[in-house]
Protein chains: 2
Amino acid sequence: MLIGDVAKQSGLTVDTLRFYEKIGLIAPPMRNDGGRRVYGEDVLGWIKFLEQLNATGMKQADRIHYAALRQQGDATLSERREMLELHRETIKEQLALMQDTLALMDRKVAAYQEMEAKAKGH
Amino acid sequence: MLIGDVAKQSGLTVDTLRFYEKIGLIAPPMRNDGGRRVYGEDVLGWIKFLEQLNATGMKQADRIHYAALRQQGDATLSERREMLELHRETIKEQLALMQDTLALMDRKVAAYQEMEAKAKGH
DNA sequence: GCTTGAGCTGGAGTGCACTCCAGCTTGTAG
DNA sequence: CTACAAGCTGGAGTGCACTCCAGCTCAAGC
């Protein structure tokens, strides 16, 4: 897989892929004879996971730290587990906030509808 | 209420409050004889609501648009309702993603624990 | 063998959302 | 009456996470 294929399949741009490599989010892949990046299939799963951490609010610096640990292999398992456990808690907090806000949206929408109906009544 | 009190009670900084005023998120408050901003209590509720929109991923530009509509009064009720309904849908999507990712964290943490236990076994 | 598209590097530029600063005025406490 | 904390304005600076660019090489089709 060349970088363009990864871009297409992951939804990231080639610039972003190279940028992620530069900052250590993605391990530098092998190169072919022409010096081009050749990725294994597994990078797609990793990118998807990164996106999930991203979308649930994990900071770049933490994702980079996690990526570095992952590259170091099994010796870092417990630290990675701790990071995920911490992140799990922040997700739970965000979930609660989302649910609160969703309920608030419902109340506000209902209130607005009522006010609109009354305004029409006149 | 002077700006410092609002800062303390809202958790925003005075700089952020003036910045929010500049970009139209907060209506310019009255001034006292010395030219200082005097806020009503209601600004606190409004800021809390803004923070909630913020924390659930609404973009600055949209919050500004909503704030502008709010300032225009009842004539904009239906447009505001539409915005909130749209935002409600994006919150729902984010909720689903959060729940997925939470489940993923659980699975990963469990897998890591198992691997750590096995490593210890040897 | 030449065109055209994809990839390469190093570095500059962008957009967002603040955050800080200089130099000034105002208000309160001793 | 004098510190000194808090507020004011306009504008510059920051940090994050990309995004784009110039100038080059490489690969595939006609």
Side-chain angles (χ1 to χ4, degrees), chain A residues 1-41 43-44 46-68 87 90 94 97, chain B residues 1-41 43-44 46-68 87 90 94 97:
Chain A
M1 274 183 121
L2 295 179
I3 198 166
D5 304 313
V6 178
K8 239 164 257 164
Q9 289 182 54
S10 69
L12 300 179
T13 66
V14 296
D15 274 317
T16 300
L17 287 168
R18 285 191 289 244
F19 168 70
Y20 277 9
E21 181 180 329
K22 186 160 64 186
I23 64 174
L25 271 182
I26 294 177
M30 298 292 106
R31 300 296 182 111
N32 65 15
D33 289 358
R36 298 184 173 185
R37 292 169 177 81
V38 179
Y39 295 87
E41 296 291 326
V43 80
L44 294 173
W46 172 237
I47 290 169
K48 197 182 165 207
F49 180 58
L50 283 177
E51 291 288 285
Q52 226 155 330
L53 293 181
N54 200 7
T56 51
M58 188 185 279
K59 281 188 187 165
Q60 194 82 298
D62 290 342
R63 297 213 302 288
I64 291 168
H65 183 53
Y66 186 91
H87 187 54
T90 75
Q94 286 182 83
L97 180 65
Chain B
M1 273 183 121
L2 295 180
I3 198 166
D5 304 313
V6 179
K8 239 164 257 164
Q9 287 182 55
S10 69
L12 299 179
T13 66
V14 296
D15 274 318
T16 300
L17 286 168
R18 286 191 288 243
F19 169 71
Y20 276 8
E21 182 181 330
K22 187 160 65 185
I23 64 174
L25 271 182
I26 295 177
M30 298 293 106
R31 301 295 182 110
N32 66 15
D33 288 359
R36 297 183 175 187
R37 290 169 179 81
V38 179
Y39 294 88
E41 296 291 325
V43 80
L44 294 174
W46 172 237
I47 290 170
K48 196 181 165 209
F49 180 57
L50 283 176
E51 291 289 283
Q52 226 155 330
L53 293 181
N54 200 6
T56 52
M58 188 185 278
K59 280 187 187 168
Q60 194 82 299
D62 290 343
R63 298 213 302 287
I64 290 168
H65 184 54
Y66 187 91
H87 188 54
T90 75
Q94 286 183 82
L97 180 65

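Hydrogens, waters and symmetry mates are skipped; everything else that's a heavy atom, side chains included, is used. Each chain gets a letter, A, B and so on, in the order the sequences are listed, and its residues count up from 1.
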Provide the closest heavy-atom pair for B:His87 versus B:Leu53 in the form atom of the first, atom of the second, distance. CD2-CD2, 3.8 Å
Mind checking the CG-CD spacing from B:Leu97 to A:Glu51? Nearest 0.5 Å is all I need. 10.0 Å
Closer to the 5' end of DNA chain C via nearest nucleotide, is it B:Ala61 or B:Asp15? B:Ala61
Please report the closest heavy-atom contact between A:Leu25 and A:Trp46, naming both atoms and the distance. O-NE1, 2.8 Å
Smallest heavy-atom separation, A:Gly24 atom then A:Ala67 atom, equals O-CB, 3.4 Å
How long is the gap from CD on A:Gln94 to OG1 on B:Thr56, to the nearest 0.5 Å? 10.5 Å
The first and last nucleotides of DNA chain C lying within contact of chain A, meaning any atom under 4.0 Å from one of its heavy atoms, run from C:dA6 to C:dT9
Counting only heavy atoms and a strict 4.0 angstrom limit, can you tell me which residues of residues 20-40 of chain B come near DNA chain D? B:Arg31, B:Gly35, B:Arg36, B:Arg37
Separation of D:dA6 atom P from B:Met1 atom CE, nearest Å, is 16 Å
Reported CD1-to-CG distance for the pair B:Ile26 and B:Leu12, which is rounded to 0.5 angstrom: 6.5 Å
Under 3.5 Å, side chain of A:Arg63 to main-chain N/O of A:Met58, donor-acceptor pair present? yes
Quick one, B:Arg37 and B:Leu17 - any side-chain contact, counting heavy atoms below 4.5 Å? no
